[in-house]
> 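Would you mind keeping the following structure in view while I ask a few things?
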Amino acid sequence: MGIRVLPPEVASQIAAGEVVERPSSVVKELVENAIDAGARDVRVEVRRGGKTFIRVTDDGCGIPAAEVELAFHRHATSKLASADDLQRIATLGFRGEALASIAAVSRVTMVTRAAEEEVGTLIRLEGGRVVDRRSSGRPPGTTVTVEDLFFNVPARRKFLRSDLTERRHIDAWLTRYALAYPYLRFTVVHDGRETFRSPGNGQVREVLVAVFGLEVGGALLEIPEEATVDGRVRVTGFVSPPSIHRANRGHITLFVNGRWVQDARLTYAVVQAYHTLLPTGRYPVAVVSVDLPPEEVDVNVHPAKVEVRFRDADGVFRAVQRAVRRTVVGGAPVPSVAPPAPARWIERDRPIPAHRRVEVPKAEPAAVPLQPPLEPSARPGGLPPLRVIGQVGATYIVAEGPDGLYLIDQHAAHERVLYEQMMTRREEGVPSQRLLEPVTVEVSPEVAPAVEARLETLARLGLEVEPFGGNHFLVRSLPAVLAHARPAEVLLEVAEALGETRSPVEREVEEAIVCGICKRAAVKAGQVLTREEMEGLIRSLERCASPRTCPHGRPTMIRITVEQLAKEFGRGSGR
Ligand code: ADP
Ligand code: MG
């Protein structure tokens, strides 16, 4: 078979395939057009997961009658005039491909009326060909109905999943837009039933509650305004307190200039901000918006426009990481033993209809909302003064606080204390102890380059190390807190921590090293402590900024409130 130019229908189906992958892509493109048109009210109706019917109605600017047909031509757009404009795109669309692509693989009807015209236009296309066109009355705005998606592309139709799966994809897109555009009212109807509505009053918190439910939506911490400015980059949004976490990164939602994006590095920046606050393998819930001048970001990377490139990727990474970190640190409540019965007013499984105005508690949320919040206190980490009672199992310190009984894991608590002490001293240099005899240590070939690249940082943290050929290193001094440890164990621990961190941020590399050192240096479980040692440890813990978790994110303490004790003893509520 010789080379030939593809017939236009085949070429357009191929191109359409890049934009329209499944029903949710249609919903996404139509909703983006509505947002770009300045709509305040966007209604989405779907049948059978979008396979048979998708309709998006908006009250935006509409399309003038003379341009309606043009809108369905490939590369026809009102949002871009020159190649130069590509440098600063402020709209969601700009490629002029969506309507053409959708029309190529379905039966589309559009009824639209421009605000400045008396009457609207109806146009109908099948497989990209116009089959009907006439005047039609309607208020200003646009309605696009897409029926029988992929009726002419059986290969694609075969790959569609169950109605429910397709519906989930659609809902995922709609909740993203509802979160990014809180001033717009989104209504979603599946198979004749309204399933979601955002209030459209600009209150992101209300959208969060509509999307995540009261328990999570109400507990998310808002990134404070002062944490958001880093020169040109503004970071806003909501992130979970360390008490709320999930098994994967899928609950981290990112927007760049109002566009939902998938960005592994920014996701990593959010995860990194929780470093030492979450258990390993657990991830936060977050909705984070990054806004920066349009010329600083290239959105023309991917036909579906879900990937972007930053001119200064490291700067954006740092801005996000810092803003999230500042929001989270100090906001971690002490986990308490779960009360025997679930809290009555927490509606666990029932989604809360958003149009019912929900009062969201303004106060700092506690892990279990039934418990009163911790006493406010001048201590940096907000820990109340604790009175040591004794030790259990040579592992836990028992203490009394104003609001109940505290059980403190001595190893985890000591790790936290050492960690914060070393991190505050790391700039002027951590005290170190020279070994009488330097010791050679061999590390694995995978981590050797990471160690070699960080010799200076290691020295500042009290661990003086020199390359000694191959994967061997000579350890000359240890941090003073580790004076009695075995040098080989210390270096191997630190090397492993270094091998695992991929962060470009110096502070995070330091954190990883310090973490490794503290793990070795902290008192072990099973070690009997004197009363003075326990009191010393508790006093130091009270001075910590984040006393409630160890540097690996496990809790250092649990609390049993006076109310819980009363309940357990059948004394009624607190009497
Ligand atoms: P793009 O959004 O990239 O410009 P589309 O194919 O999605 O390309 O749309 C083509 C053009 O049709 C848009 O540039 C816009 O002028 C017009 N348009 C599409 N949808 C709407 C709408 N809902 N309201 C007003 N104008 C619209
Ligand atoms: Mg578009």
Side-chain angles (χ1 to χ4, degrees), residues 12-13 15-21 23-45 54-83 85-86 88-106 108-117 119-125 128 130 133 136 138-146 149 173-174 176-177 180-181 184-187 257-260 294 298-308:
S12 84
Q13 275 196 10
E18 291 196 318
V19 179
V20 185
E21 191 200 336
S24 66
S25 343
V26 173
V27 172
K28 166 193 179 277
E29 294 294 340
L30 296 180
V31 168
E32 287 188 352
N33 281 348
I35 295 172
D36 282 345
R40 297 299 298 264
D41 208 325
V42 180
R43 181 180 174 86
V44 181
E45 292 157 89
I54 296 169
R55 172 176 289 163
V56 176
T57 306
D58 69 56
D59 60 352
C61 63
I63 305 177
E67 294 178 4
V68 171
E69 251 183 272
L70 198 54
F72 286 89
H73 279 246
R74 194 163 294 281
H75 309 306
T77 178
S78 58
K79 302 169 192 174
L80 202 67
S82 68
D85 292 348
L86 267 179
R88 18 165 205 284
I89 286 164
T91 48
L92 293 169
F94 58 89
R95 300 172 66 104
E97 287 185 324
L99 290 180
S101 298
I102 294 167
V105 296
S106 69
V108 181
T109 311
M110 176 190 271
V111 185
T112 183
R113 184 185 138 197
E116 63 280 8
E117 292 184 341
V119 63
T121 310
L122 178 149
I123 187 168
R124 188 170 163 81
L125 298 91
V130 179
R133 190 204 148 114
S136 172
R138 64 153 289 152
T142 304
T143 300
V144 180
T145 308
V146 176
L149 185 62
W173 272 109
L174 291 168
R176 287 166 198 154
Y177 280 118
Y181 295 88
L184 271 57
R185 182 145 74 137
F186 290 92
T187 309
N257 289 351
R259 185 187 301 281
W260 178 77
D298 183 3
V299 293
N300 188 23
V301 178
H302 187 274
K305 301 165 290 183
V306 296
E307 278 170 38
V308 294

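Atoms within each ligand, like the ligands themselves, are counted from 1 in listed order. As the structure is a computational prediction, the values presented were derived from the model and not from experiment. Values below: all heavy atoms of this structure, side chains included; hydrogens, waters and symmetry mates excluded.
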> Applying a heavy-atom cut-off of 4.0 Å, say which part of A71 lies close to ligand 1: side chain, backbone, both or neither.
both

> Nearest protein heavy-atom contact for atom 22 (C) of ligand 1: which residue, which atom, what distance?
T142 OG1, 3.8 Å

> Pick, from S78, G141, A100, the option with the minimum heavy-atom distance to atom 15 (C) of ligand 1.
S78

> Which option out of A103, A76, A98, G96 puts a heavy atom nearest to atom 3 (O) of ligand 1?
G96

> Students should be able to answer this: which protein heavy-atom is nearest to atom 23 (N) of ligand 1, and at what distance?
D58 OD2, 2.9 Å

> Which residue supplies the protein heavy atom nearest to atom 2 (O) of ligand 1, what is that atom called, and how far is it?
K79 NZ, 2.7 Å

> Does any N or O in the side chain of R113 come within less than 3.5 Å of the main-chain N or O of R138, such that one atom is a donor and the other an acceptor?
yes

> Counting only heavy atoms, which portion of F94 has something under 4.0 Å from ligand 1: side chain, backbone, both, or neither?
backbone

> Please state which option from I102, V56, D36, N33 has its nearest heavy atom closest to atom 21 (C) of ligand 1.
N33

> Can you figure out which of L70, L99, I63 has its heavy atom closest to atom 5 (P) of ligand 1?
L99

> Nearest to atom 25 (C) of ligand 1, what protein heavy atom do you find, and at what distance?
A37 CB, 3.5 Å

> At a threshold of 2.8 Å, where the distance has to be below it, does the Mg ion (ligand 2) have an N, O or S atom of T77 nearby?
no

> Which residue holds the protein heavy atom closest to atom 4 (O) of ligand 1, what is that atom called, and what is the gap in Å?
T77 OG1, 2.6 Å

> Non-hydrogen atoms of E29 versus ligand 1: any pair closer than 4.0 Å?
no

